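Report on the structure given below.
Predicted model, so just to flag it, every value in this text is computed and none were measured. Residue numbering restarts at 1 for every chain, and letters A, B, ... go by the order of the sequence lines.
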Number of protein chains: 2
Amino acid sequence: MAVTLKDVANLAGVSRSAVSRAYTDGASVSDKTRKKVEKAARELGYSPSLIARSLATNRTKLIGLIANNFQNPIFLEVFDLYTQALQKRGLRPLLVNLTHETDPEQSVQMLRQYNVDGVIVATSTLPPLFAKAFKDAHMPVVHAFGRAQSGSDVHVVGIDNQACGRMAAETLLRHGYRDIAFLGGPEFATSTQDRAIGFLEYLGEHGTVPSDIRYASAYGYQAGRDAMRDLLAEKRVEAVFCGDDLICMGAMDETRQSGLEVPGDIGFIGFNDMAMSQWSAYDLTTVRQPIRDIIKSSIELVVALVEEPERALEVRIFPCSVIERSTLKPLP
Amino acid sequence: MAVTLKDVANLAGVSRSAVSRAYTDGASVSDKTRKKVEKAARELGYSPSLIARSLATNRTKLIGLIANNFQNPIFLEVFDLYTQALQKRGLRPLLVNLTHETDPEQSVQMLRQYNVDGVIVATSTLPPLFAKAFKDAHMPVVHAFGRAQSGSDVHVVGIDNQACGRMAAETLLRHGYRDIAFLGGPEFATSTQDRAIGFLEYLGEHGTVPSDIRYASAYGYQAGRDAMRDLLAEKRVEAVFCGDDLICMGAMDETRQSGLEVPGDIGFIGFNDMAMSQWSAYDLTTVRQPIRDIIKSSIELVVALVEEPERALEVRIFPCSVIERSTLKPLP
DNA sequence: CAAAAATTTGCAACCGGTTGCAAAAATACT
DNA sequence: AGTATTTTTGCAACCGGTTGCAAATTTTTG
């Protein structure tokens with residue numbers, strides 16, 4: 001039913017190899033033959049089967065894209081950028097949803113079966129078990145938005161979360177806040193841990209200590225609200241550093257619902273600078289993470305790894321910046 | 001390097017067919033042989049290549065998932081549900097981003113090359129050219145969230161947008177509004193057109209006409225804001241039916257920025273009931289679209305089509321419902 | 001113009017599985 | 001026991017491409 005290389009070869013009056021070569025660039029074909037093949041292909045409506053090619057070349061042009069947070073809209077931006085960037089290179093994302101997945105082996109198994117050329121893990125926290133499983137399966141893996149784990153053996157493209165924590169602290173102090181709370185993402189997330197470290201460090205260096213340290217149960221809106229409710233019930237602070245914009249929005253909504261004003265009564269600084277952060281309902285001051293750069297770079301890295309699997313372990317860090325909007329009181 | 005079926009066959013002391021059969025259920029193998037094969041496979045860490053299998057069986061277990069709106073967070077919910085539901089059936093989504101794509105042929109080409117078993121188009125508007133291109137390529141296609149086009153030849157799973165438009169109108173009238181505006185998505189979107197028809201129809205049946213009809217340039221926040229700004233500059237209405245929650249949020253933010261109150265000065269009713277719609281900053285009254293049902297059903301349909309390509313054209317419609325929250329004034 | 005060099009071509013084996021068919025083995029029946 | 005029936009097995013061809021190698025062709029050179 002489908003038209004194959006052989007059909008084209010017959011119509012063009014050349015060998016099957018000739019047709020194949022006409023479709024692989026860099027191959028040795030005369031112009032004359034190529035023209036004949038192209039003509040025949042057009043007449044028959046031929047398009048080569050990537051499956052068959054994959055079998056022969058052992059390359060699928062498939063990149064596994066692993067994600068475990070489909071609640072945070074920032075991942076939609078991430079998917080958008082990934083799919084587009086991959087498409088431009090003639091690659092395709094094979095989306096894997098780890099949201100309710102617990103068994104690393106099984107996921108690896110799947111990716112292996114599809115013979116993906118490489119894997120990009122786009123999660124803030126890569127369970128160590130997964131990292132190991134991928135490595136063991138001899139798949140090129142890069143962990144985007146990850147942390148440079150000391151003992152780890154997976155390539156990382158991301159940001160320096162400690163430095164970002166410091167930036168947030170610096171911004172809050174500069175705006176004249178003293179009585180500050182830290183409201184992070186889940187405590188087990190390395191990203192959260194690092195941001196906390198940098199944040200505390202900087203405050204410490206300037207003779208302060210956070211009035212409250214607290215963790216949302218997830219990188220999500222409701223988790224942010226819940227944590228903020230608890231915080232408000234216990235004490236009063238001047239400003240809050242939230243480990244994620246979505247958490248921040250939840251916290252702000254909770255704050256406003258309880259009758260307080262932002263930034264009049266409490267100031268907020270978030271993290272990520274997702275598209276929604278500039279909505280006027282929030283207009284968040286936030287630490288901006290350069291996701292375009294991270295995504296571009298992680299694709300380049302995984303592609304390079306496909307060519308050169310034994311490449312030296314690499315960690316690529318991109319700088320963040322503070323975007324000042326209106327959730328902090330004006331500079332003194 | 002990779003361990004193949006032949007290796008397993010050798011170790012187990014059986015033929016290659018035996019190994020193959022051990023892995024296809026329903027095949028004729030004795031228990032004894034299967035045990036031997038399983039043991040050998042375990043020892044070698046064998047996992048069969050889907051690529052090779054695909055070549056032989058002409059089935060890839062890949063479903064093309066086409067989307068063209070990565071700006072609207074509702075699609076993150078959609079992706080989440082799709083990836084999970086497909087995974088459960090042992091299928092994988094091959095994500096295609098049409099956002100900046102104009103040439104249907106090229107996209108079809110791609111999906112053909114990967115030999116996807118079927119295609120799910122998850123866009124509110126399927127450009128007719130795409131529909132035709134897929135059909136011509138003899139791919140099972142289901143248009144989720146689509147409209148039952150009269151002359152079309154693609155299966156559809158979605159909602160009755162006209163009925164939904166009527167529901168919105170009914171809700172607004174019931175709440176005592178008279179001076180009502182329609183703020184739809186892009187005018188070319190069939191979903192928008194249908195919602196408008198139903199909306200106008202119902203109002204007409206109750207002796208009213210909208211005070212304003214207007215279309216946002218996209219199903220997005222900023223587009224909603226811009227359209228609302230124009231509306232406010234021109235006239236004053238009591239309530240607005242927005243063609244999408246995201247548009248509605250933009251419109252609400254614009255309204256509030258201009259000093260008006262919701263629902264005090266202007267009431268809003270949205271469309272979709274995305275996760276964010278219940279955030280307290282908006283707490284939208286909205287028409288709920290049953291996306292879980294649509295997604296589940298569209299997968300079932302595409303799977304059925306793979307088995308039976310010449311299946312009669314089908315249109316599956318799920319009912320919507322109005323979720324009342326706080327963006328309309330209380331019932332009189 | 002012939003010989004040497006460079007380019008193009010086709011053959012045939014291979015990638016890693018599946019499957020129809022006939023032979024072999026196991027089970028049922030008289 | 002021997003024969004008929006059912007189940008299991010291996011052979012070999014096939015899925016749709018790629019690629020090393022040697023032969024055929026074209027181009028360059030003296």
Side-chain angles (χ1 to χ4, degrees), chain A residues 1-38 40-41 44-62 90 109-117, chain B residues 1-38 40-41 44-62 90 109-117 137-138:
Chain A
M1 59 179 261
V3 22
T4 79
L5 173 147
K6 193 196 270 183
D7 304 325
V8 178
N10 285 353
L11 182 61
V14 297
S15 74
R16 289 164 50 214
S17 340
V19 179
S20 171
R21 289 195 250 261
Y23 277 89
T24 30
D25 35 25
S28 156
V29 221
S30 69
D31 261 15
K32 198 166 41 142
T33 313
R34 166 171 285 126
K35 289 272 191 300
K36 277 197 292 190
V37 169
E38 279 170 358
L44 295 170
Y46 169 71
S47 86
S49 154
L50 263 185
I51 301 288
R53 166 176 297 188
S54 295
L55 186 56
T57 60
N58 205 26
R59 288 284 154 80
T60 54
K61 306 231 166 214
L62 245 30
Q109 187 87 344
M110 259 174 355
L111 290 166
R112 259 241 299 248
Q113 288 189 342
Y114 276 103
N115 222 290
V116 295
D117 288 345
Chain B
M1 56 179 258
V3 21
T4 78
L5 172 147
K6 194 196 272 181
D7 304 325
V8 178
N10 284 124
L11 181 60
V14 298
S15 74
R16 291 164 48 213
S17 341
V19 179
S20 171
R21 285 182 181 120
Y23 278 90
T24 26
D25 34 25
S28 155
V29 221
S30 69
D31 260 16
K32 198 167 41 150
T33 313
R34 167 170 285 125
K35 289 274 190 300
K36 277 196 292 188
V37 169
E38 277 170 0
L44 294 170
Y46 169 73
S47 86
S49 155
L50 263 186
I51 301 288
R53 166 176 296 186
S54 295
L55 188 56
T57 60
N58 204 26
R59 287 283 157 81
T60 54
K61 305 229 167 213
L62 245 30
Q109 187 89 344
M110 263 174 351
L111 290 166
R112 259 241 298 245
Q113 288 187 337
Y114 275 102
N115 223 291
V116 295
D117 287 347
H138 285 292

Tightest non-hydrogen contact, residues B/Arg21 and B/Val29, listed as O-CG2, 3.6 Å
How far apart are the closest heavy atoms of A/Val8 and A/Ala41, and which atoms are they?
-> CG1-N, 4.0 Å
Rounded to the nearest angstrom, tell me the gap between atom NZ in A/Lys32 and atom P in C/dT8.
-> 11 Å
Over how many whole Å does the gap from B/Lys6 atom NZ to C/dG17 atom C1' extend?
-> 12 Å
Considering all heavy atoms, the nearest B/Asp117-B/Asn58 contact | OD1-O, 4.4 Å
Nearest-angstrom distance from the residue atom CZ of A/Arg59 to P of D/dT19 = 11 Å
List the atom of A/Ile51, the atom of B/Leu55, and the distance in Å for their closest heavy-atom pair.
-> CG2-N, 3.9 Å
Look at the side-chain N and O atoms of B/Tyr23 and state whether any lies under 4.0 Å from the OP1 or OP2 oxygen of C/dG16.
-> no
When only distance counts, do a donor and an acceptor, one from the side chain of B/Arg16 and one from the base of D/dG10, lie under 3.5 Å apart?
-> no
Got a donor-acceptor pair under 3.5 Å from the side chain of A/Thr57 to the base of C/dC15?
-> no
Can you figure out which of C/dG17, D/dG17, D/dG16 approaches the side chain of A/Leu55 most closely?
-> D/dG16
Could a donor-acceptor pair under 3.5 angstrom be found where the side chain of A/Ser15 meets the base of C/dC11?
-> no
Whole-Å distance, A/Ile51 CD1 to D/dG17 C1', equals 11 Å
In whole angstrom, give the distance that lies between atom CG of B/Leu5 and atom P of D/dC14.
-> 19 Å
May I ask you to say what B/Thr4 touches in the nucleic acid, namely base, sugar-phosphate or nothing, with a heavy-atom cut-off under 4.0 Å?
-> sugar-phosphate
Heavy atoms only: give me the nearest A/Tyr114-B/Thr60 pair and the separation to one decimal.
-> OH-O, 3.4 Å
Mate of D/dT28 across any strand shown (Watson-Crick or G-U wobble, both atom pairs under 3.5 Å) is C/dA3
Taking C-beta and beyond as the side chain, do B/Leu50 and B/Arg53 meet within less than 4.5 Å on heavy atoms?
-> yes
Which part of the nucleic acid, if any, lies within contact of B/Val19, taking any heavy atom under 4.0 Å across all strands shown: a base, the sugar-phosphate backbone alone, or nothing?
-> nothing
Rounded off to whole Å, could you give me the CG-to-P distance for the B/Asp31 and C/dA25 pair?
-> 20 Å
Can you check the B/Arg53 CZ to C/dC15 P distance for me, whole Å?
-> 19 Å
So, is A/Ser20 near the phosphate of D/dT18, with a side-chain N or O under 4.0 Å from OP1 or OP2?
-> yes
Out of D/dA12, C/dG17, C/dT18, which nucleotide sits closest to the side chain of B/Pro48?
-> C/dG17
So what does B/Ser30 hit on the nucleic acid, given a heavy-atom distance under 4.0 Å: a base, only sugar-phosphate, or nothing?
-> sugar-phosphate
Let me know the distance between CZ of B/Arg112 and P of D/dG17, rounded to the nearest Å.
-> 11 Å
Please tell me which of B/Ala18 and B/Ala52 maps to the more 5' nucleotide of DNA chain D, matching each residue to the nucleotide holding its nearest heavy atom.
-> B/Ala18
Answer yes or no: side-chain N or O of B/Arg21 and base N or O of C/dG20 forming a donor-acceptor pair under 3.5 Å.
-> yes
